[in-house]
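Below is one structure; the comments refer to it alone.
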Protein chains: 2
Amino acid sequence: MDIDTIEDKKYTDSIFYETFLTGKYIKKIGEQLFCKLNFDFSAEEFAAMDFLYQSSGICQRDLAVKMLVDRANMGKILNSLEKKGIVKRVLALKGNRPVKMVNLTKIGEEAYVDIVEELRTLLNDITDEITENDVEVISLGLSKIRGVLGKLLKIDI
Amino acid sequence: MDIDTIEDKKYTDSIFYETFLTGKYIKKIGEQLFCKLNFDFSAEEFAAMDFLYQSSGICQRDLAVKMLVDRANMGKILNSLEKKGIVKRVLALKGNRPVKMVNLTKIGEEAYVDIVEELRTLLNDITDEITENDVEVISLGLSKIRGVLGKLLKIDI
DNA sequence: AAATACATGTTGCAAATGCAACAGTAATAT
DNA sequence: ATATTACTGTTGCATTTGCAACATGTATTT
């Protein structure tokens, strides 16, 4: 085999960059959709609400890890949600450490359910095109990517 | 089948959110790696250099579309690269429209090649774990995701 | 030909995000 | 017991990013 035929793919042709771009794409679509539908929340705020609806009573740091934002930013997102009456913070102990447990308020739950309902009617037919098998395969691939990169560098939050 | 057993997956359990998170993860790893290696460029700047190395003489807007950033931001990224002597902008015509064609300078090409070389030695063994088949499958899946979301909303840059 | 619409790039402001430094508390070391 | 280290959350600042408005030049409409 001729050595000249061996050529590296450029970074922007790599699966890493494509994944990065697709993530950006999802973010943009999400933000613009939320704006268009006059939701009073950013996509990150909604993600926080989604996590809290599943597992209420989680501390700020654990939520930050799930959302891949740093503690400072997590605090600011929660400040915004708290101002809107969506979440409530309560001092508590995790192990023996003092933490702030975050909970959805009644208002927060209602707002969350409303958004989910509105999104469902909008997304139902569209997302049908992605089969369960698709999801499984993509998810496996993404997890492999994260695994590989995780060996390179650790992100601590 | 009992209706109560039918339950929607939460947003943060969806393939969309997982893809979004993985993109964020890649971005963070990239930025921190570039910082750790004392590269004088952000990951977005390097991506621009990578595109320009492939297809020199592209106008700002076309580059912005490839990178999924808006024209204003693209201009600022290129300002930064121009200040460092990496790129050069030349007035030209695309069709009959006056545009600014962007080119890598000699210095830019050298800096780019240096970085690629340093990254290769670092990434070679690690990325072997992701097979060509993996890449193909993931890429197909991501493209399906973009296709589905693209029907929902259009992003114009 | 004049007016309107479109395309490209820039500027200024606002929002989002991250980082470093700090405060407060608990665990560990000495 | 005291000092040091580690964990959680906050504050302030700097950077990044996007959006709206603008300037400039081209295409299209009338």
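Below, chains carry the letters A, B, ... as their sequence lines are ordered, and counting in each starts from 1.
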| request: Please determine which of B:Arg146, B:Lys144, B:Lys151 meets the salt bridge (charged side-chain N to carboxylate O under 4.0 Å, His left out) test together with A:Glu129. | output: B:Lys151
| Any residue meeting side chain to side chain donor-acceptor pair (under 3.5 Å) with A:Arg61, in chain and number order, not counting sequence neighbours | none
| query | CZ of A:Phe20 versus P of D:dT17: gap in Å, rounded? | reply | 8 Å
| request: Would you mind reading off the distance between B:Asp156 atom CG and C:dA7 atom P, rounded to a whole angstrom? | output: 10 Å
| note | Checking C:dA26, C:dC19, C:dT11 against the side chain of A:Ala72 (C-beta onward), the nearest is C:dC19
| CE of A:Met74 versus P of C:dA16: gap in Å, rounded? | 13 Å
| With sequence neighbours excluded, residues passing side chain to side chain donor-acceptor pair (under 3.5 Å) with B:Lys88 | none
| Would you say the side chain of B:Lys76 and the base of C:dG9 hold a donor-acceptor pair, judged only by whether the two atoms sit under 3.5 Å apart? | no
| Nearest to side-chain heavy atoms of B:Gln32, which nucleotide of C:dG9, C:dT25, C:dC19 | C:dC19
| Stepwise, does the side chain to side chain contact (heavy atoms under 4.5 Å, CB included) test hold for A:Glu109 with A:Met49? | CA-CA 8 Å; A:Glu109 283 186 14; A:Met49 291 163 72; over 6 Å; no
| note | Rounded to whole Å, the CG-C1' distance (A:Asp70 to D:dC13) equals 14 Å
| Between A:Asn96 and A:Ser42, which has a closest nucleotide on DNA chain C that is more 5'? | A:Ser42
| message | Would you say B:Asn73 places a side-chain N or O within less than 4.0 Å of OP1 or OP2 belonging to D:dG18? | response | yes
| Within the pair B:Arg61 and C:dT8, is there a side-chain N or O less than 4.0 Å away from OP1 or OP2? | yes
| remark: Rounded to whole Å, CE of B:Met67 lies from C1' of D:dT17 at a distance of 12 Å
| message | Can you tell me if A:Arg89 touches the phosphate of D:dT8, counting only side-chain N or O atoms and a distance under 4.0 Å to OP1 or OP2? | response | no
| At under 4.0 Å, does any side-chain N or O of B:Lys100 touch on OP1 or OP2 of C:dA7? | no
| query | How close or far is atom C1' of D:dG25 from atom CG of B:Leu91, stated in whole angstroms? | reply | 12 Å
| request: Can you figure out which of D:dG9, D:dT17, C:dA27 approaches the side chain of A:Val99 most closely? | output: D:dG9
| field | Atom-to-atom span, CG of A:Leu78 to P of D:dT10 - whole angstrom | value | 8 Å
| note | Between A:Cys59 and B:Glu31, the residue closer to the 5' end of DNA chain D by nearest nucleotide is A:Cys59
| task | Quick one: do B:Glu31 and B:Ser42 satisfy side-chain hydrogen bond (donor to acceptor under 3.5 Å, both in side chains)? Show the steps, please. | result | CA-CA 6 Å; B:Glu31 295 286 1; B:Ser42 70; 5.0 Å; no
| query | Is the shortest side-chain N/O distance from A:Lys24 to OP1 or OP2 of D:dG18 below 4.0 Å? | reply | no
| note | Among the nucleotides D:dG9, D:dT8, C:dT10, whichever has the atom closest to the side chain of A:Arg97 is D:dT8
| request: Would you mind reading off the distance between A:Phe41 atom CZ and C:dA16 atom C1', rounded to a whole angstrom? | output: 18 Å
